[in-house]
Amino acid sequence: MKEIIILGIETSCDETGVAIYSSTRGLLAEQLFSQIALHAKYGGVVPEIAARDHSRRLISLVDKTIKQSGCTQQDITAVAYTAGPGLAGALFVGACFAQALAMGWQRPAIAVHHMEGHLLSPLMEGSIDASSHVACPFLALLVSGGHTQLILVKTIGHYELIGDTLDDAAGEAFDKVAKLLDLPYPGGPAVAQLADQATRDNHYNFPRPLLNREGYDFSFSGLKTAVRQQVEQLKNTNVFDETQRAAIAASFQAAVVETLIKKTLKAAMDHQVQSIVVSGGVGANRRLRQDLSAHALSKGIIVHFPPLHHCTDNGAMIAFAGYHRYRLGDFEADNRAVEVFPRWALPSNTSPHNTFSYHTEADAT
Ligand code: KG4
Ligand code: ZN
């Protein structure tokens with residue numbers, strides 16, 4: 001079988017990621033520049049700063065990635081880039097860059113959905129054909145700063161959204177609670193670290209939202225409000241010390257993790273899948289990794305996580321998803337339009353212009 005080599009470019013938010021994936025040899029090279037330090041002093045991502053920094057980094061990151069891979073530009077089959085969802089300006093930088101490279105190299109440019117990148121990333125690891133290790137159908141839990149979704153993956157490219165957040169995403173809740181606890185951006189790792197200092201998980205019994213409701217939707221804004229009220233109460237009574245901060249972090253983390261686990265396992269059992277994959281930044285949470293794996297195993301379900309450095313945004317997942325778009329022929333080889341889709345929904349007709357299609361439930365049958 002002819003080797004397909006994809007250069008992937010990710011610029012949807014605050015990481016500039018570049019990678020090269022080979023259909024026969026796996027991931028050949030990857031480079032990542034995280035802008036966390038640039039945004040930290042503002043307490044969150046500043047879109048204009050993000051876009052400018054992507055354009056500053058891309059040339060040297062692509063250059064380094066190609067050298068590291070041992071490939072030449074002639075070896076590269078296509079250039080894949082994140083076309084959405086994400087920050088419009090940041091996406092534009094990656095789209096322009098990828099389209100220009102692809103035009104110069106006379107190769108197709110492939111628009112990739114950022115969440116499909118996350119969703120497929122656990123399949124990439126460990127083997128050149130890791131997809132065979134996770135049998136379809138499987139359930140994907142996507143937990144990032146902007147998304148909390150349960151997606152039934154019938155085959156690669158056939159997705160059905162079965163659960164979504166009604167308000168805040170899980171990562172967003174971590175980030176907001178971090179601010180309440182005076183922790184730096186990004187909040188997730190900081191809250192998790194503080195939680196480790198607590199002596200027990202449920203000092204505060206925060207709500208587990210929607211657990212008793214039918215279906216698989218999530219809601220985290222009420223939980224965040226409960227945390228805010230608790231913090232205010234502690235501050236008013238002057239007992240907002242290190243021990244209390246750790247207790248709040250641990251109790252909040254326990255509430256999020258338990259909610260994610262219960263909904264995910266219910267969806268997995270109801271749909272009779274054998275495998276769950278978890279990805280997105282919150283997938284780096286140690287507590288979620290340990291507890292979900294243990295609970296799922298007790299029901300005979302295996303959970304697959306990407307390694308920690310592939311949970312958060314990276315170029316490898318875009319190269320890998322781009323490979324699958326290429327393999328399925330789901331791209332427009334001569335499309336040189338620089339277009340981005342900041343609010344691009346994955347399962348319900350994710351195709352920005354119906355130029356290529358992620359199949360919906362109806363299409364799959
Ligand atoms: O997937 P990602 O890198 O970017 C988006 O596409 O959103 O996810 C970033 C999110 C942030 O909200 C961050 O606080 C959260 O993932 N995060 C974590 C952890 N590491 C990152 N949340 C909980 N525990 C962690 N260890
Ligand atoms: Zn992401």
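Keep in mind that this is a model prediction, so the values were computed, not measured. Atoms within a ligand are numbered from 1 in the order they appear, just like the ligands themselves.
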**Study point:** Any His118 heavy atom less than 4.0 Å to ligand 1
**Key:** yes
Check your understanding: Within the structure, does Glu15 bring an N/O atom to less than 3.5 angstrom of an N/O atom in ligand 1?
Key -> no
**Study point:** Aromatic ring pairing Phe218/Phe220, orientation class (parallel under 30°, perpendicular over 60°, tilted between)
**Key:** parallel
Check your understanding: Of the backbone and side-chain N, O or S atoms of His118, does one lie nearer to the Zn ion (ligand 2) than 2.8 Å?
Key -> yes
Study note, to complete from the structure: closest protein heavy atom to atom 24 (N) of ligand 1 is Asn285 ND2, 3.0 Å
Review point. Quick one: do Arg287 and Asp201 make a salt bridge, cutoff under 4.0 Å?
Key: yes
Check your understanding: Taking the inter-plane angle between the rings of His118 and His114 on a 0 to 90° scale, is it parallel (under 30°), tilted (30 to 60°) or perpendicular (over 60°)?
Key -> perpendicular
Exercise for review: For the pair Arg245 and Glu242, find out whether any cationic side-chain nitrogen is under 4.0 Å from an anionic carboxylate oxygen.
Suggested key: yes
Review point. Side chains of His113 and Leu119: does their closest heavy-atom pair fall under 4.5 Å?
Key: no
Check your understanding: Should Leu297 and Ile302 be marked as a side-chain contact (heavy atoms from CB on, under 4.5 Å) after you check the CA-CA gap, both sets of side-chain angles, and the distance that decides it?
Key -> CA-CA 6 Å; Leu297 200 58; Ile302 308 286; 4.0 Å; yes
Review point. Quick one: does Ala192 get an N or O within less than 3.5 Å of an N or O on ligand 1?
Key: no
Exercise for review: Check whether any N or O atom of Gly188, backbone or side chain, sits under 3.5 Å from an N or O atom of ligand 1, and answer yes or no.
Suggested key: yes
Review point. Which ligand 1 atoms are under 4.0 Å away from a heavy-atom of Thr312?
Key: 3 (O)
Exercise for review: Determine whether the side chain, the backbone, both or neither of Arg286 has a heavy atom under 4.0 Å from any heavy atom of ligand 1.
Suggested key: neither
Point to revise | ligand 1-proximal atoms of His114, by part, heavy-atom distance under 4.0 Å | key: side chain
Exercise for review: Report the nearest protein non-hydrogen atom to atom 14 (O) of ligand 1: residue, atom name, distance rounded to 0.1 Å.
Suggested key: Asp175 OD1, 2.7 Å
Check your understanding: For atom 1 (O) of ligand 1, what's the nearest protein heavy atom and its distance?
Key -> Gly281 N, 3.0 Å
Exercise for review: For atom 9 (C) of ligand 1, grab the closest protein heavy atom and report residue, atom and distance to one decimal in Å.
Suggested key: Gly145 N, 3.8 Å
Review point. Under 6.0 Å between the ring centres of Phe252 and Phe174?
Key: yes
Practice item. May I ask whether Cys13 has any heavy atom positioned less than 4.0 angstrom from an atom of ligand 1? Key: no
Review point. Are the charged groups of Asp175 and Lys179 less than 4.0 angstrom apart, N to O?
Key: no
**Study point:** Between Asp167 and Ser219, a side-chain donor and acceptor under 3.5 Å
**Key:** yes
Point to revise | Interfacing atoms of ligand 1 (cut-off 4.0 Å, heavy-atom, Gly146) | key: 7 (O)
Point to revise | Nearest to the Zn ion (ligand 2) - the N/O/S atom of Asp313, by atom name | key: OD1
Exercise for review: Quick one: sort the Tyr326 and Phe331 rings into parallel, tilted or perpendicular, breaks at 30° and 60°.
Suggested key: parallel
Review point. Will you find, in the side chains of Ser22 and Glu3, an N or O donor that is under 3.5 Å from an N or O acceptor?
Key: yes
Practice item. Examine Cys13 and say whether one of its N/O/S atoms is closer to the Zn ion (ligand 2) than 2.8 Å. Key: no
Review point. Nearest protein heavy-atom contact for atom 2 (P) of ligand 1: which residue, which atom, what distance?
Key: Asp313 OD1, 3.5 Å
Exercise for review: Taking only heavy atoms of Gly171 into account, list the atoms of ligand 1 that are under 4.0 Å away from them.
Suggested key: 12 (O)
